[in-house]
Chemist: 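Once you've had a glance at the structure underneath, I'll fire off some questions.
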Protein chains: 2
Amino acid sequence: MTIPKQSIRRKELVASAAKLFKDNSFDRTTVRMLASAAGIKSGSLFHHFKDKEEILLAVIDDGLNKSLKAIHLETQSITQLDKKLFALIYAHLKTLHGAERDAHIVSITEWRSLSAESKKHLIALRDEYENYWQTIISEAVDMGLLIGDPSLIRLFILGSLNWSIQWFHPNKDKTIEEMAHEFYNMVVKKNTTT
Amino acid sequence: MTIPKQSIRRKELVASAAKLFKDNSFDRTTVRMLASAAGIKSGSLFHHFKDKEEILLAVIDDGLNKSLKAIHLETQSITQLDKKLFALIYAHLKTLHGAERDAHIVSITEWRSLSAESKKHLIALRDEYENYWQTIISEAVDMGLLIGDPSLIRLFILGSLNWSIQWFHPNKDKTIEEMAHEFYNMVVKKNTTT
DNA sequence: TCATAAACCAAGCAAGCGCTAGGTAAAATA
DNA sequence: TATTTTACCTAGCGCTTGCTTGGTTTATGA
């Protein structure tokens with residue numbers, strides 16, 4: 001019994017699991033809850049995943065991959081650095097609070113529920129994401145658009161953006177685009193866009 | 001059998017629990033682990049706390065109270081607003097990564113492990129903390145020291161400061177004071193201190 | 001049409017969980 | 001000195017957990 005990794009059914013299960021993990025945390029989501037949300041019995045889950053953690057791994061892996069694609073897609077073609085930085089912030093927020101919100105929140109909050117081995121799988125992805133940010137931030141520092149240690153600026157910006165999962169509710173607060181503008185204006189030293 | 005809330009022994013147990021909760025998360029810390037770290041048997045814990053959650057509540061309550069005291073103590077007497085804002089940032093970081101680091105990290109990461117009723121107890125404390133920040137930030141905006149929506153600035157700054165628990169290791173990275181300066185310079189629009 | 005594989009179910013096991021009951025020993029109090 | 005209180009231990013109960021086993025149904029493709 002080998003378990004296929006890319007079946008349609010599996011993707012449905014992963015999406016359903018993401019919501020439960022977000023609402024209840026990984027540890028407080030039982031395999032019975034996961035199964036019943038998907039309309040099957042708990043034992044049947046283990047036809048698709050070798051254990052509970054593999055479900056979490058799938059959720060986070062999915063989330064990280066989509067984040068990476070998103071920032072590349074939305075910033076790569078932009079040459080003007082201030083616009084590129086804004087697009088990066090905007091893309092991060094759009095992804096974080098968009099269609100796959102559950103998965104992204106789980107990626108942030110449940111990282112520590114993963115085993116050391118599972119983390120190893122994902123660290124390369126996370127590093128790639130952070131390096132892309134770092135590159136753009138470094139250029140922005142060189143141009144005087146930002147001031148300070150690029151590493152710290154990256155941690156500072158990504159930290160406050162990710163923190164928005166604690167308080168931001170889509171369709172209730174401001175729009176994501178408005179937020180992106182406010183975030184951008186807060187970190188940038190000279191005002192070039194509005 | 002009424003349980004005394006302020007015994008010395010209880011405080012020792014709470015401190016010991018804070019470390020375990022930080023290292024393993026609340027859900028993955030068993031009452032047997034809590035007991036053995038304190039050198040007693042698991043059943044004896046329930047002489048001091050009515051249930052496991054009350055231990056978490058004690059850890060977080062303690063953390064929040066100390067945070068509140070710290071920012072008052074270190075900022076109240078300062079009249080110059082730029083220095084006051086810096087002192088606030090510095091106090092927050094000092095508290096977060098100081099002697100009671102474990103408790104503060106648990107306050108941030110395990111908030112959602114609390115029952116609704118336990119949260120109710122703590123929300124007033126948290127609101128008081130945030131309001132104090134908000135007041136100072138609003139004044140800073142009025143003076144042009146900061147630019148933007150005060151609410152969002154508060155979320156932005158506190159978010160990035162709290163996020164430092166994800167990456168900052170005391171005695172390894174920069175000093176907390178250096179960090180406070182860098183954080184301050186990143187958010188402030190006109191440079192008045194260095 | 002018939003074999004093969006994929007997707008599921010029914011039943012339950014072993015381990016670990018939070019917590020309790022009933023007791024002992026020592027310290028504090030009267 | 002007698003009584004109460006505090007702090008702990010021993011033993012284990014009842015429940016939930018992740019996961020397994022062995023079998024059934026449903027779809028796929030030659």
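Labels below follow one simple rule: chain letters A, B, ... track the order of the sequence lines, proteins then strands, and each chain is numbered from 1.
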Chemist: Give me the residues of residues 19-33 of chain B where at least one heavy atom lies under 4.0 Å from an atom of DNA chain C, by number, or none.
Modeler: B/Thr29, B/Thr30, B/Val31, B/Arg32

Chemist: Go nucleotide by nucleotide along DNA chain D from the 5' end; which of A/Gly43 and B/Leu13 gets its closest nucleotide reached first?
Modeler: B/Leu13

Chemist: Can you identify which nucleotide, out of C/dG18, C/dC8, C/dC9, has its nearest atom closest to the B/Phe46 side chain?
Modeler: C/dG18

Chemist: Please work out whether the ring planes of A/His92 and A/Tyr129 are parallel, tilted or perpendicular, with thresholds of 30° and 60°.
Modeler: tilted

Chemist: Just the rounded figure in Å: distance from P of D/dC15 to NZ of B/Lys52.
Modeler: 19 Å

Chemist: Measure from the side chain of B/Lys41, starting at C-beta and using heavy atoms only, and say which of D/dT10, D/dC19, D/dC8 lies closest.
Modeler: D/dT10

Chemist: Measure from CG on B/Leu34 to C1' on C/dC17 and round the result to the nearest Å.
Modeler: 13 Å

Chemist: Check the pair A/Ile78, A/Phe86 against side chain to side chain contact (heavy atoms under 4.5 Å, CB included), reporting the backbone distance first and the verdict last.
Modeler: CA-CA 10 Å; A/Ile78 303 175; A/Phe86 169 77; over 6 Å; no

Chemist: Quick one: are the ring centres of B/His181 and B/Tyr90 less than 6.0 Å apart?
Modeler: no

Chemist: Would you tell me if any nitrogen or oxygen in the side chain of B/His47 comes within less than 4.0 Å of OP1 or OP2 on D/dC8?
Modeler: no

Chemist: Applying salt bridge (charged side-chain N to carboxylate O under 4.0 Å, His left out) to A/Arg112 and B/Glu110, what does each step give before you reach the verdict?
Modeler: CA-CA 12 Å; A/Arg112 76 198 206 129; B/Glu110 298 295 346; 2.7 Å; yes

Chemist: Would you mind reading off the distance between B/Leu56 atom CG and C/dG18 atom C1', rounded to a whole angstrom?
Modeler: 15 Å

Chemist: In the structure I gave you, are the side-chain heavy atoms of A/Leu81 and A/Leu85 within less than 4.5 Å of one another anywhere?
Modeler: no

Chemist: Could you please name the option among C/dG18, C/dC9, D/dA7 that lies closest to any side-chain atom of B/His48?
Modeler: D/dA7

Chemist: Given atom CD1 of A/Ile8 and atom C1' of C/dA7, what is their separation to the nearest angstrom?
Modeler: 14 Å

Chemist: If you check every side-chain atom of B/Ser44, which of C/dC9, D/dC19, D/dC9 has the closest atom?
Modeler: D/dC9

Chemist: In whole Å, I'd like the distance from the CG atom of B/Leu45 to the C1' atom of C/dA21.
Modeler: 16 Å

Chemist: 5'-most contact on DNA chain D: B/Ser42 or B/Arg9, nearest heavy atom basis?
Modeler: B/Arg9

Chemist: Answer yes or no: is there a side-chain heavy-atom contact under 4.5 Å between B/Asn162 and A/Gln166?
Modeler: no

Chemist: Over how many whole Å does the gap from A/Arg10 atom CZ to C/dA6 atom P extend?
Modeler: 14 Å

Chemist: Starting from C1' on C/dT20, measure out to NZ on B/Lys50 and report it in whole angstrom.
Modeler: 15 Å

Chemist: Quick one: side chain to side chain donor-acceptor pair (under 3.5 Å) partners of B/Ser67, sequence neighbours excluded?
Modeler: B/His104

